[in-house]
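Here is the naming used below: chain letters follow the sequence lines, and residue numbers restart at 1 for every chain. Keep in mind that what you see is a predicted model, and the values were worked out from it rather than measured.
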Amino acid sequence: MIKAILIFNNHGKPRLSKFYEHYNEDTEQQIIRETFHLVSKRDENVCNFLEGGMLIGGSDYKLIYRHYATLYFVFCVDSSESELGILDLIQVFVETLDKCFENVCELDLIFHVDKVHNILAEMVMGGMVLETNMNEIITQVDAQNKMEKSEVMCFVTFINQCPCLDICSMQGHCFAFHTASASR
Amino acid sequence: MALKIVKGSIDRMFDKNLQDLVRGIRNHKEDEAKYISTCIDEIKQELKQDNIAVKANAVCKLTYLQMLGYDVSWAAFNIVEVMSSSKFTYKRIGYLAASQCFHESTDVIMLTTNQIRKDLSSPNQYDTGVALTGLSCFVTPDLARDLANDIMTLMSHTKPYIRKKAVLIMYKVFLKYPESLRPAFPRLKEKLEDPDPGVQSAAVNVICELARRNPKNYLSLAPLFFKLMTSSTNNWVLIKIIKLFGALTPLEPRLGKKLIEPLTNLIHSTSAMSLLYECVNTVIAVLISLSSGMPNHSASIQLCVQKLRILIEDSDQNLKYLGLLAMSKILKTHPKSVQSHKDLILQCLDDKDESIRLRALDLLYGMVSKKNLMEIVKKLMLHVDKAEGTTYRDELLTKIIDICSQSNYQYITNFEWYISILVELTRLEGTRHGHLIASQMLDVAIRVRAIRVFAVAQMATLLDNAHLLTGNMQRMGICEVLYAAAWICGEFSEHLENPMQTLEAMLRPKVATLPGHIQAVYVQNAAKLFATVLKNQEGNTDSTAAQETSQLMIDRLPLFVQSANLEVQERASCILQLVKYIQKLQQKDVEVAEEVCALFAGELNPVAPKAQKKVPVPEGLDLDAWINEPPSESESEDEQPKAIFAKEEPKHSRPRHTEVDEKELARRREARKQEQANNPFYIKASPSSQKAYQEAPGVEHIPVVQIDLSVPLKVPGLPMSDQYVKLEEERRQKERADKKKKEKKKRKEKRSGRGRKHDSGPESEEDITPAHMVDIVTEEMPENALPSDDDDKDPNDPHKALDIDLDKPLADSEKLPVRAHRAAEAPKSPAEDGEAENAASQEPKKKSSKEKREKKKDKDRDRKKSKEEKKKKKHKHEEKGEDLLGGQADEPVVQSEETNEVAALPTSTSAEVSDLDFWLSNAPVPSNTQEAATVAEAAPVPEAASGTAPDSEPEEPKDTEMEETKSSKHKKKKQKKEKEEKEKKKKKKHHHHHHHSDGGGEESVQNGTVEEEEPLPPMSNYCLLAENSYIKMMMEDADEVYDIQGNLQDGSQVVVSVIFENKCDSFLKSMEFNVLDSLNSKLQRPEGSGPHDGLTVPFQLPPGVSNEARFVFTVQSIVMPQKLKGTLTFIVKNEDSSTHEKLDFKLHFTCTSYLITTPCYSDAFAKLLESGDLKCSSVRLEGVIMPFHHLLARICFHHHFSVVERIDSCASMYSRSIQGHHVCLLVKTSGQTVSIDAKCDEPTLLGNVLDEIKQTFSQC
């Protein structure tokens, strides 16, 4: 089982946190801080596993992480997961993000955390690995985005002409428009 | 006003969306909190809007804020609103928010049930998908119960996307609602063979997760997983399965044997490191589970170690880490094979990666030997010096101590060295483990008598240099060692070289800065030292020295008397007064030393840490019993004084208690003395330890110390352990040289005798003699200590509830709750839990308490079983029996071990269990699925196939199914069989169980559970029905009853299982089974067929194959046995021709076959007998020469009885007919005569049953 998935940057700012077990907000922040503390002080070329901190898990749990440019991707897993398998999964996750955002960078994650959540939901569900095939994940994510888009289209067609085709920002515009039209 | 509203909504047009929020937060770095709080206010406004889009936007922003650590639970209701939007866009936002911040105590969750159900059944797969994803994060017991059925339906959804998610979420449902596991499991199992690899992988995932926690329940799936393992190419699935096997092998060593080969192949063939690693891991698990003795055992270990070495040598740190991790698993069982890689592991200690160093440290723990301990620890000490001020250093410190102290200091040859190591460790800055070092010092000094002189000297130095340890506040952790030092110096002060100096060191004013508990020890031990000093000084005639010492005490102690610490103060003032008194005596020239010493006389023995817990409760002492009756509740408040008064009364009984105890104690003391006297390891200083203490240097009495060090070990200041290493080396060399010399001599003497005797190559472990012949005093344990170590399992573990037997067929009552009938669903074992009738009150709390109760019951039962061998109760699970007798039917959790195994209804599940055994006992993988496709579980087929040529059977242990299929050859094989029986004595239960499961029907468990006296001869209920050159039919009537009421009008049903065995070389097909119905008994035919039509047997038989079919008969009256004539027609197909053939047979329905084994409790049984409406009859059997328990087992097995109670050679038995007649037996044996008194409400039936019993025994 995966207990938590955390993404934070080199300064420990959370970019995504997904806990598959309930903690209150304070504990969550504490876990993120502690994990950051553990992970950030490690050199680049050391192994990607470390025995979990006091807060999360216990002896059965491990932190498995990868560091990409400015971001840390940390999975907290128990002994039923294969360590190397999870490393691969992180790789798949990042590659998927890269495909979905086209050259993903930290900013994408900052502004579209909901999208990242949606992608993650196609890979891991309730702490268990759902899908590891990148193409399958992308297909499903795209299909849902398309659906979302078609719902948006019903309301505003002119946005098609809008040069930015980013779904999320479009969604935002759409909210505003929709609100305005509804309240009139 | 209206204008205002319009204006408001125009404002809203410019509402922030998520991106704006993020941007805003980034732009307000200085006053982020303030900015966010205004944002939250805005969000609150937005949530008040009716517009769902606005709400969704607000919820989206809240989700982001939640990630930043803001509590958004106040918006839970709004989240639910957004979840229930019909638009996917909003729904997704809502579910995401819910998954991030809902949890079990969120109260609005209960509002979501219907919405989620709606979404689950939505035609849009993504609506369903989003709902499932969300639900997986916040499922509660209520949701799980209400939605289990819906989710189960989704497991067979047409879209693999949904199936996959539904399968995965089932795990969460099981966790929250354990009752759903059994009903849902068959479908889950189906999904293992789903065409979609994603679904398959999800199912594997879930089952692995379940099995990891309760592996024994999933053993029966091993063949299926084995098949998957050999066929799957998906590495994810493979890894999971292999991990699962790793969890299963400890339970079933035979599985391990089977696994080794494919796993080894995988190890050789795979290129994926992850898979390779898991394979190695599981092979290790297999090797651990197999007790050594397997021939190619070492090859597998070698392979593993070799592969791991490659991993460790890899430049990839991850592989290195994992390699070390796996290595440590091998280490536990095969330390030798790891030790050869010591170089590599020591190398890893130098790795820059801390995780790797820690792993390497773990490995070192198991690698030390007497030979290399010093060397390894030396190396570690170097690391300690390097790793200044890190947690890693603390880790190193604990590891050093662990390594040295493991298994009772087994590897330490030189304790002086160890003490100096400990002293060296005290010089570490800022370690947290001062207390650990201290306890080691104490332990060694107390338990290793020979070392005390040295230890005391070292401790005195430590005390002298105490200022080094207490220099700054940071070192407070380490000052714990002063505690040990002070105590050791005080307790063993007779060994002190210069007690006066130490005494002064202990009374320095600086001591007052130490923590209270250490000061207390200082004060107490200063007194001990004082006593010693006095004694020494009184020997000299100069009395002034002694008086000066007293004066010193009197001067210094007041410092401690003023201490804020109570303990210190108390001790100090007490001792101060004492010393003052002593001084007074001294001034009168009275010799006091003797008396003062007597204050501290006596030896302290080490007591094992668990000793207290292990003191057995004396017989007749009930710890739970009230000493004083608790005041009854009716007593009002004002009566209380009276109650207090009344408490005085029971005091009378107390002295009596202690008296008993004292007697007991005295007895035990005696026993202990005896034991100690006989124990060679327990060294007493002298016959009377007290005297020895006073006689001072009692060291000579210890027959040990022979310090043969060439250099005197007077190291000034603090000792250096390194010197010991050198010395040790020298010593060993010298020893070796000595040995060689001796050997040479010997060789010279024996040159003619033996050629080469002992190669003095590298010295072996045993060659190293310890520097000190050290006696390690074992820790004391109470007599009759209970050996059991209670394993503490976390009672809160949710997986505990999932420990459910899955092989048992489902009972009717086990259904997932369906929406419509929630109030009346699933009544659980009505007789047992009367209160459960109100199904609406299915709160989880109640459930758990119920389970607990049941578990307790189980435990009780086990205890009873073990304790009273004579009294036996039978707890057999029954599928569809009447619950007349208060037995626990339909309760999945109630199973004790035995019943667990014997869930033997003639359904596919029972076949499966025996399949597992078959599968495990047979080396080759069955390759028969094609032919036997008609039957779900066809594993026994090839077995039976070999039955056609019984003489050419392979020698390997056969499975018992075989026996059944060839009961005609039974006798021939009996001898062989019995041999096997002996071999498998351990697995006896298992073994018998074959008979049952195969014998179909609810055979009695008796022969499995009756006794452990001796193995029972194998029994089978199959009898030859008919046989010709083509086919053999064997019949067994498995009485499976459907009508619980036993209603005559409805007619009861009897199931007959027939094994068809093809004995010829041709293919048999189109088999038709027909029976001439009598008035009383009719074969049940499918609807629409005439009364004389035959039933098609649902399979074909290739040559040599056998298979089993079941036929259901309706029976009107069961009081008489009857015979039915029947025919089997079939086509024999050769390559060129095919012929019609026919076989006649007679089906014999005995009255016995109408009986069902029904458990009955003695109280219910007694009531039944008392009721008086039973008719009596009896029968007498002569010349029965089998043991009584065999006799009972036979009755149980062949006649479907169960033992109610057995007392010596007398037993009461019970059974019930399918129409509800009670049959009670009282079986008595004396010599070779067995008399059976029977009672039944149907005399004809009884008569016939007795006749049949008689016949059974006349046959043997």
Side-chain angles (χ1 to χ4, degrees), chain A residues 1 14 16-20 22 24-26 28-29 32 42-43 45-51 80 82-85 87-88 110-114 117-118 121 125-133 136 140 143-144 147-148 151-152 168-169 171-180 182-184, chain B residues 9-10 12-15 17-20 22 51 53-54 56-57 60 63-64 66-71 87-89 92-93 96 103-104 126 132-133 136-137 161 164-165 168-169 171-172 198 202 205-206 208-209 212 236 239 243 273-274 277-278 317-318 320-322 352-356 358:
Chain A
M1 289 282 279
L16 175 124
S17 66
K18 182 87 210 169
F19 289 87
Y20 293 104
H22 176 71
N24 65 33
E25 277 74 16
D26 292 338
E28 284 184 5
Q29 293 303 309
I32 295 174
R42 291 172 66 83
D43 289 335
N45 45 10
V46 298
C47 75
N48 297 103
F49 317 116
L50 71 168
E51 265 100 288
S80 73
S82 148
E83 291 88 347
L84 295 171
L87 276 181
D88 284 350
I110 294 173
F111 285 107
H112 305 294
V113 70
D114 50 344
H117 268 297
N118 293 339
M125 190 178 123
M128 281 182 289
V129 179
L130 178 69
E131 184 59 69
T132 52
N133 181 346
E136 171 72 14
Q140 301 299 349
Q144 289 176 58
M147 217 174 100
E148 200 170 274
E151 283 181 355
V152 172
C168 283
S169 63
Q171 197 182 325
H173 286 293
C174 174
F175 284 142
F177 187 83
H178 178 61
T179 318
S183 39
R184 257 173 219 141
Chain B
S9 57
I10 290 172
R12 202 111 299 133
M13 243 185 103
F14 304 103
D15 270 346
N17 61 20
L18 176 60
Q19 281 71 42
D20 299 327
V22 174
N51 191 323
V54 179
N57 186 34
C60 188
T63 314
Y64 181 77
Q66 195 272 343
M67 184 182 80
L68 297 185
Y70 290 86
D71 177 28
K87 292 244 174 326
F88 174 72
T89 317
R92 183 151 81 162
I93 292 170
L96 174 61
H103 51 94
E104 266 186 39
Y126 292 113
L132 284 173
T133 308
S136 73
C137 292
Y161 178 73
K164 172 168 88 174
K165 288 195 167 195
L168 268 195
I169 205 178
Y171 177 66
K172 295 275 173 170
N205 213 338
V206 170
C208 288
E209 205 59 53
R212 199 166 75 94
W236 276 93
I239 287 174
K243 267 187 173 282
M273 273 302 181
S274 46
Y277 173 68
E278 295 307 337
Q317 297 284 323
N318 293 330
K320 191 174 278 193
Y321 175 86
L322 293 177
K352 57 189 176 303
D353 188 348
E354 192 178 304
S355 308
I356 288 177
L358 287 175

How long is the span from the NE2 atom in A:His112 to the CG atom in A:Asn118, to the nearest 0.5 Å?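 With rounding to 0.5 Å, NE2 (A:His112) is 12.5 Å from CG (A:Asn118).
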Sort out for me which of B:Leu358, B:Leu132, B:Leu322 touches chain A most, counting heavy-atom pairs under 4.5 Å.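 So the answer, after comparing B:Leu358, B:Leu132, B:Leu322, is B:Leu322.
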One option among B:His103, B:Lys352, B:Lys172 has the most heavy-atom pairs under 4.5 Å with chain A, and it is B:His103
Tell me, for [X] versus chain A, whether the close heavy atoms (under 4.5 Å) come from the side chain, the backbone, both or neither.
| X | answer |
| --- | --- |
| B:Ile239 | side chain |
| B:Tyr321 | side chain |
| B:Leu68 | both |
| B:Lys243 | side chain |
| B:Gln66 | both |
| B:Tyr70 | backbone |

Is chain B contacted by the side chain of [X], its backbone, both, or neither, given a heavy-atom distance below 4.5 Å?
| X | result |
| --- | --- |
| A:Asn45 | both |
| A:Gln144 | both |
| A:Gln140 | both |

Strictly distance-based, threshold 3.5 Å: is any side-chain N or O of [X] a donor or acceptor partner for the main-chain N or O of [Y]?
| X | Y | value |
| --- | --- | --- |
| B:Lys320 | B:Ile356 | no |
| A:Glu151 | B:Thr89 | yes |
| B:Asn205 | A:Val129 | yes |
| A:Gln29 | B:Met67 | yes |

side-chain contact (heavy atoms from CB on, under 4.5 Å) involving B:Thr133 - partner list, sequence neighbours excluded: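 Checked B:Thr133 against side-chain contact (heavy atoms from CB on, under 4.5 Å); matches are A:Ala121, A:Met125, B:Lys165.
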Run the side-chain hydrogen bond (donor to acceptor under 3.5 Å, both in side chains) test against A:Asp88 and tell me which residues pass, sequence neighbours left out. none
Heaviest contributor of heavy-atom pairs below 4.5 Å to chain B, chosen from A:Leu87, A:Ile110, A:Asn133, A:Asp26, is A:Ile110
Winner by heavy-atom pair count (cut-off under 4.5 Å) against chain B, out of A:Met1, A:Arg42, A:Glu28, A:Glu131: A:Met1
Are the side chains of B:Val54 and B:Asn57 in touch, meaning some heavy atoms are under 4.5 Å apart?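 No, too far: nothing below the 4.5 Å cut-off.
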Taking the side chain as everything from C-beta on, heavy atoms only, tell me whether B:Lys164 gets closer than 4.5 Å to A:Glu136.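 Result yes, sub-4.5 Å side-chain heavy-atom pair found.
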